[in-house]
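Following: one structure in structure tokens, then a few remarks.
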Amino acid sequence: MRIGFGKDIHKLEKGTGLVIGGILIPCEFRSVAHSDGDALIHAISDAILGAAALNDIGYYFPDNDKNTENMDSKIILSTVLNLINGQYNICNIDCVVTLEKPKLSNVRNEIIQSVGKLLNLDTKKISIKFKTNEGLGDIGKSKAYEAEAICLLEDK
Ligand code: C5P
Ligand code: MG
């Protein structure tokens with residue numbers, strides 16, 4: 001068994017929606033990023049890479065690479081899965097998304113379904129939690145949002 005941790009933060013600006021866990025959540029913000037700014041998928045990808053001690057997503061997708069501009073983060077995750085495939089199975093993942101607004105608990109099931117599909121993993125093995133930052137700091141002022149994830153891998 002091997003455990004890994006990943007985190008990511010992205011700036012927010014006025015927009016029409018956020019991509020979180022591979023689905024578009026219509027809201028008053030957009031995520032400022034080299035890719036589509038899906039902090040949850042980035043954190044999950046780094047948690048998996050961390051568990052396998054395979055560096056981080058920037059090692060495979062440098063953020064100064066013109067070819068990866070506005071890239072769909074699902075491609076990052078599928079690349080990460082290919083790296084561990086053959087060696088490890090994912091036991092479970094547990095995540096926290098810290099976003100002041102909008103409330104996301106009403107779309108939790110959709111996000112879990114989406115992540116389950118991307119990971120090809122039973123949704124019972126996926127936990128996604130949401131937190132505000134209680135108005136504190138840049139996340140509390142909706143200038144940024146953050147995602148953290150842990151992942152347990154087992155040898156095949
Ligand atoms: O941050 P706080 O502990 O006040 O959040 C309370 C609850 O609000 C969380 O447990 C979560 O269910 C929900 N929440 C949410 N969407 C957010 C932040 C929090 O649904 N963006
Ligand atoms: Mg990111």
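In this text, all values refer to a predicted model and were calculated from it rather than measured experimentally. Order of listing sets the numbers, starting from 1, for every ligand and every atom in it.
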Side-chain touch Ile57/Leu49, heavy atoms, less than 4.5 angstrom:
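Contact flag for Ile57/Leu49 side chains = yes.
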Check whether any side-chain heavy atom of Ile9 lies under 4.5 Å from a side-chain heavy atom of Tyr145, and answer yes or no.
no
Using a strict cut-off of less than 4.0 Å between a Lys/Arg side-chain nitrogen and an Asp/Glu carboxylate oxygen, indicate whether Asp38 and Lys74 qualify as a salt bridge.
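Lys74 and Asp38: not salt-bridged.
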Thinking salt bridges, do Glu100 and Lys141 make one under a 4.0 Å N-O criterion?
no
Please say whether [X] places an N or O atom under 3.5 Å from an N or O atom belonging to ligand 1.
| X | value |
| --- | --- |
| Lys131 | yes |
| Ser105 | yes |
| Lys103 | yes |

Minimum heavy-atom distance Leu77-Ser45, with the two atoms named
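Taking every non-hydrogen atom into account, CD1-OG, 3.5 Å.
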Correct closest heavy-atom pair for Lys156 and Gly86 would be NZ-N, 3.4 Å
Looking only at protein heavy atoms, which one is nearest to [atom], and how far off is it?
| atom | answer |
| --- | --- |
| atom 10 (O) of ligand 1 | Phe130 O, 3.6 Å |
| atom 12 (O) of ligand 1 | Arg108 NH2, 3.9 Å |
| atom 16 (N) of ligand 1 | Leu104 N, 2.9 Å |
| atom 21 (N) of ligand 1 | Leu99 O, 2.8 Å |
| atom 5 (O) of ligand 1 | Thr132 N, 4.1 Å |

For ligand 1, is any non-hydrogen atom under 4.0 Å from Glu134's backbone (N, CA, C, O), its side chain (CB onward), both, or neither?
side chain
Given 3.5 Å as the limit, does a donor-acceptor pair link the side chain of Asn133 with the main chain of Leu136, or not?
yes
Can a non-hydrogen atom of Lys129 be found less than 4.0 Å from any atom of ligand 1?
no
